[in-house]
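So the structure is just underneath, and the comments pick up after that.
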Amino acid sequence: MSYTFPVTRTTHPKPRPADETKLGFCNYFTDHMFVMDWDEGQGWHDGRIVPHEPLLIEPASCVLHYAQMMFEGMKAYRTPTGEIMLFRPDMNIKRMARTAERMCIPELPGDLFLDAVKAVVAEDSDWVPTAPGTAMYIRPFIFGDEVSFSVLPAKHYRFLIILSPCGSYYAANDGGLTTTRIYVQDKYIRAARGGTGYAKVGGNYGGGMRASKDAMQYNCKDVLWLDAAEHKYVEEIGTSNAFFRINDEVITAPLDSGTILPGITRDSVIQLLKHFGVKVSERKLAIDDVKKASEDGTLQEIFASGTAAVISPIGWLCCEGKDYQVADGKVGPIAQKLYDTLYGMQTGTVEDFMGWTYPLGLKK
Ligand SMILES: *Cc1c(COP(=O)(O)O)cnc(C)c1O
């Protein structure tokens, strides 16, 4: 089944960002957005494309008080021939279903979701940037806006998709990779077993801000989270998944604890490493073993993976006031190769030998 949606065009188109090399991360939004409603008995209805503008929301809407919401993050990339492509949107659909189930939010049919993404990207396709390192960030989200203070799943929801032309998340000026410093968080936790760590929800982020703000005092860009139970094992880096290369084995936290966000980039990195013949393990890794590897010279690379930055290499860990350097503090070869391959595939400059890209047929 394929869905079509009515369009109300803006009467005030915005000027396009003047310099595509200075977009930053989500500083600009396009002219239009997608909106859809859910009502009990009716299900999802009235999908439509409207001008991107402020919403009217009743102050007693439950989401503003109890945070019943979820989101996704994906990108539309421009290829050298002018085509626009998504990357593994089937994975966003699967993750949305798991998040919705956890949050008691009504499930959105996958084909409806994808048709909505396609329709709104098509409407604002001329906003998809072309400069190196850029893409159009796509932010689908759903929230309950029933007027109610009872802590129960809402009886009305809104689904929106907003679009933002973006540069790279950790703004390296040329769009290339640089290393960052990361603070090893020993006081606060992100997610515990049985919690919402595996779900893409705002609450996980609201609770994490104290830690990232504190990390900035140590001149760190973000935090490395440790497990909640023992503060012993590495989990994630801020808004991305974490990989550690020690003695030529690449290690990332396993998903079975339910405390790790199952990143689509994470899954792609694991598959690519296997394809390259690099040993990759999903297993617990103690922070003490990472420190030891830094000291004895076997810590070769650390990098984070996520849609926003694709791959972001880490040069230093700051742990209890002490600095641990990762190899020579520079971008490692595996991180660079993964970035070049992934971003190359996404933007159509490297052959997609995994079948991950999803062209939209929107050539300029
Ligand atoms: C979205 C997200 C990631 C990365 O997932 P991708 O699908 O690779 O973008 C990692 N950790 C957290 C907490 C996230 O919210």
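No hydrogens, no waters, no symmetry mates; every other heavy atom, side chains included, goes into these values. Order of listing sets the numbers, starting from 1, for every ligand and every atom in it.
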Relative to the heavy atoms of R95, which atoms of ligand 1 are at a distance of less than 4.0 Å?
5 (O), 6 (P), 7 (O)
Looking at K200 and M96, would you say the former's side chain and the latter's main chain have a donor-acceptor pair under 3.5 Å?
no
Closest contact, heavy atoms only, Q185 versus A211
NE2-CB, 3.4 Å
Closest candidate by heavy atom, reference atom 13 (C) of ligand 1, pool E235, K200, R190:
R190
Would you mind running through ligand 1 and noting each atom that sits below 4.0 Å from a heavy atom of S240?
10 (C), 11 (N)
Any idea which protein heavy atom is nearest atom 15 (O) of ligand 1, and the distance to it?
Y205 OH, 2.3 Å
Any side-chain heavy atom of W38 sitting closer than 4.5 Å to one from M36?
no
Is the distance between the ring centroids of F71 and F143 under 6.0 Å?
no
D39 vs H45 side-chain heavy atoms within contact, under 4.5 Å:
yes
In terms of side-chain geometry, is the basic nitrogen of E235 or R190 positioned less than 4.0 Å from the acidic oxygen of its partner?
no
Minimum heavy-atom separation for S164 and C26, please, with both atom names.
OG-CA, 3.0 Å
Centroid-centroid distance, F141 to F159, less than 6.0 Å
no
Select one of side chain, backbone, both or neither to describe which atoms of M91 lie under 4.0 Å from any atom of ligand 1, heavy atoms only.
neither
For the 3.5 Å polar cut-off, considering only N or O atoms, please tell me whether T265 and ligand 1 meet it.
yes
the protein heavy atom lying closest to atom 9 (O) of ligand 1 turns out to be T307 OG1, 2.6 Å
Using a strict cut-off of 4.0 Å, indicate which atoms of ligand 1 neighbour a heavy atom of E236.
10 (C), 11 (N), 12 (C), 13 (C)
Between A308 and ligand 1, does any nitrogen or oxygen pair lie at a separation below 3.5 Å?
no
Test of understanding: given a 4.0 Å heavy-atom threshold, classify the contact between T239 and ligand 1 as side chain, backbone, both, or neither.
backbone
Taking only non-hydrogen atoms of G263 and a 4.0 Å limit, the atoms of ligand 1 in range are 5 (O), 6 (P), 7 (O), 8 (O)
